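Heads up: numbering here begins at 1 and tracks the sequence. Source: prediction; values computed, not measured.
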Amino acid sequence: MKKSLLWTFCLLCFPCHFLSAQSWENDYHQLYDPDEMESAQWEEMSDLLYDLEQHPFNLNTATKEQLSQLPFLSDEEIEDICVYLYRYAPIKSFGELAMIESLDAIKRRLLQCFVFLGEEEKEHLSESRGHHEVMATIKVPLYERNGDRSGYLGDRYRHQLRYAFRQGDHWRAGLIGAKDSGEPFFSNRNSMGYDFYSFYLMCHRVGIIKTLVAGKYRMSMGMGLVMNSDFLLGKSAALTSLGRQRQILRAHSSASSANYLQGMAATIQLSRSLQVTPFLSYRPVDGTLNSDTLSISALVEGGYHRTASELRKKNNTFLTTAGTAVSYKNGAWHAAMNLVYSHLSRPLRPNTKVVYRCYYPQGSDFMNMSIDYGYTHHRLSFHGETAIDRKGTLATLNTTQIRMSSELSMMVLQRFYGMRYTSLQAQAFSEGGRVQNESGLYVGAHWQPSRKLLASAYADVAYFAWPRYQASASSYHQDYLLSLSYLTGNWNLSTRYRLRIKEKDDEQKSALYSRQEHRGRVAVCYDGTMVSTKTQVDFACIKNENNSRGWTLSQLVNWKMNKIFHTHLAAAYFHTDDYDSRMYLYERGMLYNFSFPVVYGRGIRYSLLLRAQLSEKFMIHARVAVINYFDRSVIGSGYQQVNSSSLPSLELQIRWKL
């Protein structure tokens with residue numbers, strides 16, 4: 001333990017000015033909180049941004065559709081970029097981005113990771129050639145769980161294989177196979193090898209077809225009240241991007257087995273202002289069977305099939321989805337009509353005797369219709385969607401953004417989701433995680449009084465009329481955040497504080513009490529040509545019936561040794577009372593993989609990632625990560641239990657471009 005503490009102290013105290021080239025991940029982590037998104041959504045977002053990083057587009061010829069792929073840009077920022085390009089293109093240097101007043105320093109750095117400045121003629125020459133890419137990744141846990149000895153049907157290795165073909169921005173195709181640790185491989189019900197496969201073919205801008213996808217894909221409409229199978233960013237992201245909801249139709253190119261569609265979809269440009277997007281999907285889903293085996297109590301999206309009981313849930317139900325979106329755009333105005341119909345081969349019959357499940361989706365057939373609308377201007381914009389289900393229950397979400405000056409912008413977001421509103425594939429801005437039984441008001445502000453100082457704040461109050469999980473009566477939730485960032489030269493000092501107040505049942509379930517969650521962060525970043533670093537302190541204080549506190553001290557170091565070797569080092573010491581005050585740590589992961597480990601108790605976490613770009617076509621990643629606990633000799637429970645105080649792991653990744 002003494003040696004571990006000594007190494008941690010040395011790593012955490014490493015001089016901040018002696019450090020590696022910063023990637024988009026570090027800046028992105030400043031804008032978004034990992035605790036606001038599910039792990040599958042982080043994986044989807046990482047997959048999209050890694051793909052854009054590997055295939056940047058020419059900013060000088062960029063369209064609104066291309067810029068809209070970047071989730072950190074607001075509608076106003078996209079509009080300002082397009083206006084600047086119309087007036088002053090071609091951009092000769094990224095320094096010109098400072099002339100676009102709506103872009104702050106963080107977003108300017110992020111944008112440079114996904115675009116390049118080139119000439120149109122050279123771009124057309126490169127688009128005429130197709131490019132193939134093969135990638136293999138494996139994670140080897142250097143420890144043994146109870147389930148590895150008895151219980152899990154497969155080995156403990158997690159691995160995936162990817163193939164992708166791309167010809168410019170017009171044609172894409174791919175195949176992904178993946179298995180999680182403990183899942184069978186070429187055995188049991190996985191006789192075809194991997195537990196999950198994804199395949200797709202996608203084309204862009206071919207005649208009147210704006211986008212066509214066959215295979216597995218993701219789609220979102222409007223603000224997400226009737227359909228959103230893409231990732232959903234949290235409240236911090238809503239403030240940063242000023243509430244923009246992306247209209248997307250894209251291939252499902254990740255290893256995530258949740259929330260995708262399978263079949264065919266196309267966006268057809270009927271005229272300059274009118275487009276239609278019909279789609280059809282038929283896919284297997286996992287469900288928890290009721291005792292009659294003819295119905296299911298819930299859909300399961302975890303994607304794990306390690307044990308016999310988990311395998312019985314695999315693909316035991318089929319979901320058919322069909323619909324269309326018809327959208328019209330005229331200048332700054334747009335409007336659309338959306339229709340989605342869903343059918344389950346086994347009806348949903350949740351246990352409605354539990355009061356908070358009383359209005360959960362029930363039955364086999366679901367239908368939703370909506371109108372989404374909006375107006376975009378560099379000073380005043382608003383967007384919204386109003387939807388109904390087959391029983392006429394209403395859900396509506398509306399946002400207004402006001403740019404009072406080049407320094408100050410504000411956003412107001414209102415939502416009302418009826419307690420009886422049901423939609424199988426809705427996913428929208430919410431506090432409770434469901435588009436149901438919630439009404440609320442969100443007010444946020446973004447203030448940049450100078451090029452060096454940036455301040456953001458929001459307040460969100462939500463009301464739940466019907467009882468929820470752990471709240472047996474009507475309840476309120478409150479969420480407040482204040483964030484400050486100061487940039488000077490290569491240095492960035494940032495701090496943030498967040499307060500969340502939730503009404504929950506007391507231990508006797510006789511009354512509600514207010515649970516207060518205070519979380520704060522102070523970070524110092526240095527971004528140099530060859531080296532960058534980030535030193536961060538986080539704290540948490542949970543005030544409930546049993547108070548809980550925790551803090552972490554973490555250090556990130558990225559070192560670009562030369563054109564071939566890049567090194568990424570992360571280390572953290574954490575000390576929390578229990579799981580309530582748990583901490584989220586950021587680490588650099590493999591390509592197309594995120595790494596936000598959750599830690600609690602007392603211990604250290606450290607990892608080392610080495611990237612070797614051996615040639616233009618061949619690259620190797622190797623990563624070692626270890627977590628050492630000081631307060632326990634057994635980690636986890638059940639099949640996941642490890643009879644040790646340490647969890648070391650090794651990851652390898654090979655990418656070959658053809």
ask   = Per the side chain to side chain donor-acceptor pair (under 3.5 Å) rule, which among T321, N368, D365 passes with Y341?
value = D365

query = So which pairs with a foot in residues 204-226 pass ring pair (Phe, Tyr, Trp, His ring centres under 6.0 Å), sequence neighbours left out?
reply = none

message = Considering only residues two or more places apart or on different chains, which pairs with a residue in residues 343-354 satisfy salt bridge (charged side-chain N to carboxylate O under 4.0 Å, His left out)?
response = D292-R349

ask   = With no hydrogens and no angle check, is any side-chain donor or acceptor of R623 less than 3.5 Å from a backbone partner on R588?
value = yes

ask   = So do H170 and C203 actually touch side chain to side chain, heavy atoms under 4.5 Å?
value = no

For F185, ring pair (Phe, Tyr, Trp, His ring centres under 6.0 Å) partners two or more places apart = H159, Y194

inquiry  = If we ignore hydrogens and angles and just use 3.5 Å, is the side chain of R250 paired with the main-chain N or O of M202 as donor and acceptor?
reply    = no

task = Using side-chain hydrogen bond (donor to acceptor under 3.5 Å, both in side chains) as the criterion, list what pairs up with Q262, not counting sequence neighbours.
result = none

task = Can you sort out the partners of Y163 under side-chain hydrogen bond (donor to acceptor under 3.5 Å, both in side chains), two or more places apart, ordered by chain and number?
result = H132

request  = Please test S229 against Q425 for side-chain hydrogen bond (donor to acceptor under 3.5 Å, both in side chains), starting from the C-alpha separation and ending with a verdict.
outcome  = CA-CA 7 Å; S229 62; Q425 298 174 85; over 6 Å; no

inquiry  = Just to verify, what does Y304 make a ring pair (Phe, Tyr, Trp, His ring centres under 6.0 Å) with, not counting sequence neighbours?
reply    = none

ask   = Is the shortest heavy-atom distance from the side chain of Y200 to the side chain of K216 under 4.5 Å?
value = no

task = Flag the pair D155 and K179 as a salt bridge only when some basic side-chain nitrogen lies within less than 4.0 angstrom of an acidic carboxylate oxygen.
result = yes

ask   = Taking the side chain from D148 and the backbone from R145, do they hold a donor-acceptor pair closer than 3.5 Å?
value = yes

inquiry  = For a quick check under 3.5 Å, do S297 and T288 share a side-chain donor-acceptor pair by atom type?
reply    = no

query = What's the shortest heavy-atom distance between A322 and L280, and which atoms?
reply = CB-CD1, 3.8 Å

key: Aromatic ring pairing Y282/F318, orientation class (parallel under 30°, perpendicular over 60°, tilted between)   = parallel

message = Taking the side chain as everything from C-beta on, heavy atoms only, tell me whether Q427 gets closer than 4.5 Å to R434.
response = no

Those residues that, when tested against N351, pass side-chain hydrogen bond (donor to acceptor under 3.5 Å, both in side chains) (two or more places apart) = none

key: Any L201 side-chain heavy atom under 4.5 Å of V213 side chain   = no

request  = For side-chain hydrogen bond (donor to acceptor under 3.5 Å, both in side chains), just list the numbers for N316 and D286, CA-CA rounded to whole Å, side-chain angles, deciding distance to a tenth of an Å, and then say yes or no.
outcome  = CA-CA 6 Å; N316 60 12; D286 295 1; over 6 Å; no

request  = Verify the distance criterion only: is there a donor paired with an acceptor across the side chains of D180 and H305 at less than 3.5 Å?
outcome  = no

ask   = Does a donor on one side chain sit under 3.5 Å from an acceptor on the other, for E385 and S370?
value = yes

query = Charged N to carboxylate O under 4.0 angstrom, E144 versus R149?
reply = yes

ask   = Do the side chains of I654 and M619 get nearer than 4.5 Å, heavy atoms only?
value = no

ask   = Does the pair E310 and L153 meet the rule for a side-chain contact (heavy atoms from CB on, under 4.5 Å), with working shown?
value = CA-CA 10 Å; E310 289 177 345; L153 302 175; over 6 Å; no

ask   = Are the aromatic rings of W466 and Y359 close, with centres under 6.0 Å apart?
value = yes

request  = Would you mind checking if D51 and R172 are paired as a salt bridge, meaning a charged N to carboxylate O distance below 4.0 Å?
outcome  = yes

message = Testing the 3.5 Å rule here: is there a donor-acceptor pair between the side chains of T137 and E651?
response = no

S345 vs T317, side-chain hydrogen bond (donor to acceptor under 3.5 Å, both in side chains): CA-CA, chis, key distance, verdict = CA-CA 6 Å; S345 61; T317 306; 4.9 Å; no

query = side chain to side chain contact (heavy atoms under 4.5 Å, CB included) with A178: which residues, sequence neighbours excluded?
reply = Q160, A255

query = Where is the tightest heavy-atom contact between N228 and N259, given as atom of each residue plus distance?
reply = O-ND2, 3.7 Å

task = Measure from the side-chain N and O atoms of E438 to the backbone N and O of Y417, and report whether any donor-acceptor pair falls under 3.5 Å.
result = no

key: Check: N190 main-chain N/O paired with N188 side-chain donor or acceptor under 3.5 Å   = no

key: Between S309 and T307, a side-chain donor and acceptor under 3.5 Å   = yes

query = Distance under 6.0 Å and angle within 45° of the ring axis: does R357 meet both against Y469?
reply = no

task = May I ask you to test the Q167-F165 pair for a side-chain heavy-atom distance under 4.5 Å?
result = yes

task = Quick one: pull up CZ in F429 and CG in D460 and give me the separation to the nearest 0.5 Å.
result = 5.0 Å

inquiry  = I need the full list of salt bridge (charged side-chain N to carboxylate O under 4.0 Å, His left out) pairs touching residues 184-196, with sequence neighbours left out, sorted by first then second residue.
reply    = D195-K314

inquiry  = Under a 3.5 Å distance rule, please check whether R283 uses its side chain to pair with a backbone N or O of Y260 as donor and acceptor.
reply    = yes

key: Residues E133 and R162 bridged, charged N to O under 4.0 Å   = no

Y373 side, atom OH; T386 side, atom OG1 - distance, nearest 0.5 Å = 3.0 Å

remark   = Applying salt bridge (Lys or Arg N to Asp or Glu O under 4.0 Å) to K313 and not counting sequence neighbours gives none

query = Under the ring pair (Phe, Tyr, Trp, His ring centres under 6.0 Å) test, which residues partner F464, sequence neighbours left out?
reply = H477

query = If you round to the nearest 0.5 Å, how far is OG of S220 from CG of N338?
reply = 10.0 Å

query = Is any side-chain heavy atom of M223 less than 4.5 Å from a side-chain heavy atom of T399?
reply = yes

Between OG1 on residue T293 and CG on residue N290, distance to nearest 0.5 Å = 9.5 Å

ask   = When you measure from the side chain of D372 to the backbone N and O of G384, does any donor-acceptor pair fall under 3.5 Å?
value = no

inquiry  = Within the structure provided, determine whether M219 and M221 are in side-chain contact (heavy-atom separation under 4.5 Å).
reply    = yes

ask   = Has the side chain of Q362 got a donor or acceptor atom that lies under 3.5 Å from a matching backbone atom of C358?
value = yes

ask   = Hey, does the side chain of S198 reach the backbone of H252 with a donor-acceptor pair shorter than 3.5 angstrom?
value = yes

message = Using the ring pair (Phe, Tyr, Trp, His ring centres under 6.0 Å) criterion, which residues pair with F186? Sequence neighbours excluded.
response = none

task = Would you check if the distance from the ring center of Y152 to the ring center of Y639 is below 6.0 Å?
result = yes

key: Atom of A428, atom of V435 and distance for their closest heavy-atom approach   = N-CG2, 3.6 Å

ask   = Can any side-chain N or O of Q641 pair as donor or acceptor with the backbone N or O of I635 at less than 3.5 Å?
value = no

